[in-house]
*Asks:* 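Quick one: this structure, given as structure tokens, is what I'll be asking you about.
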Protein chains: 2
Amino acid sequence: MKKPHSLDEAGLQRALAALRRVVREKGLRASSARERVALAALRYGGHFTVEDLVRRSKDERLEETHASTVYRTLPLLLEAGLLEEIRVHRDEGTFYERAFEREHHDHLVCVGCGAVVEFHSEEIEEVQREVAVSFGFVLTGHSHELRGTCTACRERGRESRA
Amino acid sequence: MKKPHSLDEAGLQRALAALRRVVREKGLRASSARERVALAALRYGGHFTVEDLVRRSKDERLEETHASTVYRTLPLLLEAGLLEEIRVHRDEGTFYERAFEREHHDHLVCVGCGAVVEFHSEEIEEVQREVAVSFGFVLTGHSHELRGTCTACRERGRESRA
DNA sequence: ATATGTGCAAAAGATTTGCAAGATC
DNA sequence: GATCTTGCAAATCTTTTGCACATAT
């Protein structure tokens, strides 16, 4: 269970700067609620939902940010490259994870116990680019999730069948 | 725009047989509603939603199958290998496509116009298996979607910026 | 006969939207 | 001051569930 090292203070500032840049480009205005959500998201260790952000977006005065505001802010955070949407986790809703200043990775999920492993394959990334080019596309992103059963779950299966 | 050739009558029968096998294995019973949904799905050319299946699941007497029944049937169709769930298409809901007797493929989507291209890379499939093995997993499935901008959309962008 | 399947309505979730009040440029 | 933002409530949408009746084994 590798814990993703979090951004330090300087990293947070760079991330906020990236957000402000996008906000400015779009002719929008600075707002503290938006930055509260961004900080909550950037500080989050693993995968999180909108609900999680609502709860953790409290500031010193314990002001929460409403869910609708979080929903309105998310597209900006994605566009600024602070977060990525992920589709791991079975039923439950939509999850996100930090993308800013973090190496890209995809996920391998156990359909038995839900364990999630991160992986990265430069070979796959390369083939993806080739595929895109061959169809005249310029890649802007991708999502790639592998599903399978982990060793532990296969053992468990064997027992219960015995 | 390559149209996926559809299953012929014999193929439909093989698919229904696969469904019946799963149904029997689970100790469930034969039902015509389930087969109506299966047929509607198998006959569908491209990508479709639950709503689409409801509309097209009419039989000779124009009996529709209720959405709740479609929802209850889908897991069986997936398990029987008749369909696959896909995550292409931006906002809109969940889509499915036929998987039975059809070569596996993934999708490349244009974020500008929504065009969807199917691709297949044996090299990627191979690396996926290697990755899974390296983490002690046995693969049961995956979803892989590339996003980018197609040639036409890039041209359009250039014009409007001009 | 008994257990499963289906239609229908209601419930449950997640996300979006309209609006009045508050913040920013 | 004009315009963007936010909180809040209500509206939407998709999917799930409870139940009474229909159907299959």
Side-chain angles (χ1 to χ4, degrees), chain A residues 16 19-41 47-59 61-80 83 85-96, chain B residues 16 19-41 47-59 61-80 83 85-96:
Chain A
L16 288 183
L19 173 59
R20 292 187 187 121
R21 197 172 314 130
V22 170
V23 164
R24 207 174 324 116
E25 273 168 11
K26 294 178 123 41
L28 304 178
R29 297 174 180 179
S31 104
S32 58
R34 218 133 51 189
E35 306 214 338
R36 275 206 305 276
V37 175
L39 287 174
H47 301 164
F48 51 86
T49 62
V50 166
E51 255 309 283
D52 293 326
L53 288 188
V54 170
R55 270 187 267 102
R56 295 229 195 155
S57 63
K58 297 185 177 128
D59 61 10
R61 292 165 189 117
L62 301 184
E63 285 190 82
E64 268 192 5
T65 309
H66 270 248
S68 56
T69 301
V70 173
Y71 279 110
R72 288 186 272 229
T73 303
L74 275 169
L76 257 2
L77 302 187
L78 296 175
E79 189 172 344
L83 304 185
E85 191 178 326
I86 54 183
R87 292 103 185 294
V88 179
H89 305 288
R90 306 169 262 203
D91 315 46
E92 326 163 65
T94 310
F95 279 74
Y96 300 86
Chain B
L16 289 183
L19 173 59
R20 292 188 186 119
R21 197 172 314 129
V22 169
V23 164
R24 208 174 322 116
E25 273 168 12
K26 293 178 122 42
L28 303 178
R29 297 172 181 180
S31 104
S32 57
R34 217 133 51 188
E35 307 215 335
R36 276 205 305 275
V37 175
L39 287 173
H47 300 163
F48 51 86
T49 63
V50 166
E51 255 309 282
D52 293 327
L53 288 188
V54 169
R55 272 187 266 102
R56 296 228 194 154
S57 63
K58 297 186 178 127
D59 60 12
R61 291 164 189 120
L62 301 183
E63 286 190 83
E64 269 193 5
T65 310
H66 270 248
S68 56
T69 301
V70 173
Y71 278 110
R72 287 186 272 229
T73 302
L74 275 169
L76 258 1
L77 303 187
L78 296 175
E79 188 173 344
L83 304 184
E85 191 177 326
I86 54 183
R87 292 107 184 293
V88 179
H89 306 288
R90 308 166 262 198
D91 316 44
E92 324 164 66
T94 310
F95 279 73
Y96 299 86

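In what follows, chains are A, B, ... by sequence order, proteins preceding strands, each numbered from 1.
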*Asks:* Would A/Leu28 and A/Leu76 count as a side-chain contact (heavy atoms from CB on, under 4.5 Å) here? Give the steps.
*Replies:* CA-CA 11 Å; A/Leu28 304 178; A/Leu76 257 2; 4.3 Å; yes
*Asks:* Taking CG from A/Asp52 and C1' from C/dT15, how many angstroms apart are they, rounded to a whole number?
*Replies:*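 In whole Å, C/dT15 C1' lies 16 Å from A/Asp52 CG.
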*Asks:* If we only count heavy atoms from C-beta on, is the B/Tyr71 to B/Val50 side-chain gap below 4.5 Å?
*Replies:*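 Side-chain contact under 4.5 Å: yes.
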*Asks:* Just to be sure I understand the rule, does B/Glu64 reach a base, reach only the sugar-phosphate, or reach nothing, if contact means heavy atoms closer than 4.0 Å?
*Replies:*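 Sugar-phosphate only.
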*Asks:* Starting at atom CG of B/Leu19, determine the distance to atom P of C/dG5, rounded to an integer number of angstrom.
*Replies:*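 From B/Leu19 CG to C/dG5 P: 12 Å.
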*Asks:* Taking the basic N atoms (NZ, or NE/NH1/NH2) and the acidic carboxylate oxygens, is any pair closer than 4.0 Å for B/Arg20 and B/Glu35?
*Replies:*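 Counted as a salt bridge, because a side-chain N and a carboxylate O are separated by less than 4.0 Å.
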*Asks:* Closest heavy-atom contact between A/Thr69 and A/Ala33?
*Replies:*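 Looks like CG2-CB, 4.2 Å.
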*Asks:* Where along nucleotides 9-19 of chain D does protein come under 4.0 Å, by heavy atom, of base (B) or sugar-phosphate alone (S), with - for untouched nucleotides?
*Replies:* -----SBBBB-
*Asks:* Anything under 3.5 Å between a protein N or O and an N or O of nucleotides 20-25 of chain C, put it in a table, one pair a line.
*Replies:*
from, atom 1, to, atom 2, distance (Å)
C/dT24, O2, A/Arg29, NH1, 2.7

*Asks:* On a heavy-atom basis, which atom in B/Tyr96 and which in B/Ile86 lie closest, and how many Å separate them?
*Replies:*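 Where B/Tyr96 meets B/Ile86 most closely, the heavy atoms are N-CG1, 4.1 Å.
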*Asks:* How many Å lie between CD on B/Glu35 and P on C/dT6, as a whole number?
*Replies:*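 The distance from CD of B/Glu35 to P of C/dT6 comes to 10 Å, rounded to the nearest Å.
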*Asks:* Looking at A/Ser57 and A/Thr65, would you say the former's side chain and the latter's main chain have a donor-acceptor pair under 3.5 Å?
*Replies:*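 Flag set: sc A/Ser57 to bb A/Thr65 pair under 3.5 Å.
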*Asks:* Got a sec, which residues hit salt bridge (charged side-chain N to carboxylate O under 4.0 Å, His left out) with A/Arg24, two or more places apart in sequence or on another chain?
*Replies:*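 Listed in chain order: nothing, the list is empty.
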*Asks:* From CG of A/Leu76 over to C1' of D/dT5, roughly how many Å is that when rounded to an integer?
*Replies:*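 Nearest whole value for this atom pair: 12 Å.
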*Asks:* How about A/Leu39 and A/Leu16: do any of their side-chain heavy atoms sit closer than 4.5 Å?
*Replies:*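 They are in side-chain contact.
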*Asks:* Ignoring hydrogens and angles, tell me if any N or O in the side chain of A/Arg72 forms a donor-acceptor pair with the backbone of A/Arg34 under 3.5 Å.
*Replies:*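 A pair under 3.5 Å: no.
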*Asks:* Hey, does B/Arg36 reach any base, or is it just sugar-phosphate, or nothing, if we go heavy atoms under 4.0 Å?
*Replies:*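 B/Arg36: backbone/sugar contact only, no base atoms under 4.0 Å.
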*Asks:* Using whole Å, what does the distance between atom C1' of nucleotide C/dA14 and atom CG of A/Leu53 come to?
*Replies:*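 Going from A/Leu53 (CG) to C/dA14 (C1'), I get 15 Å.
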*Asks:* Take the protein atom CD of A/Glu85 and the nucleotide atom P of C/dA14, then report the distance between them rounded to whole Å.
*Replies:*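 Interatomic distance, CD of A/Glu85 to P of C/dA14: 14 Å.
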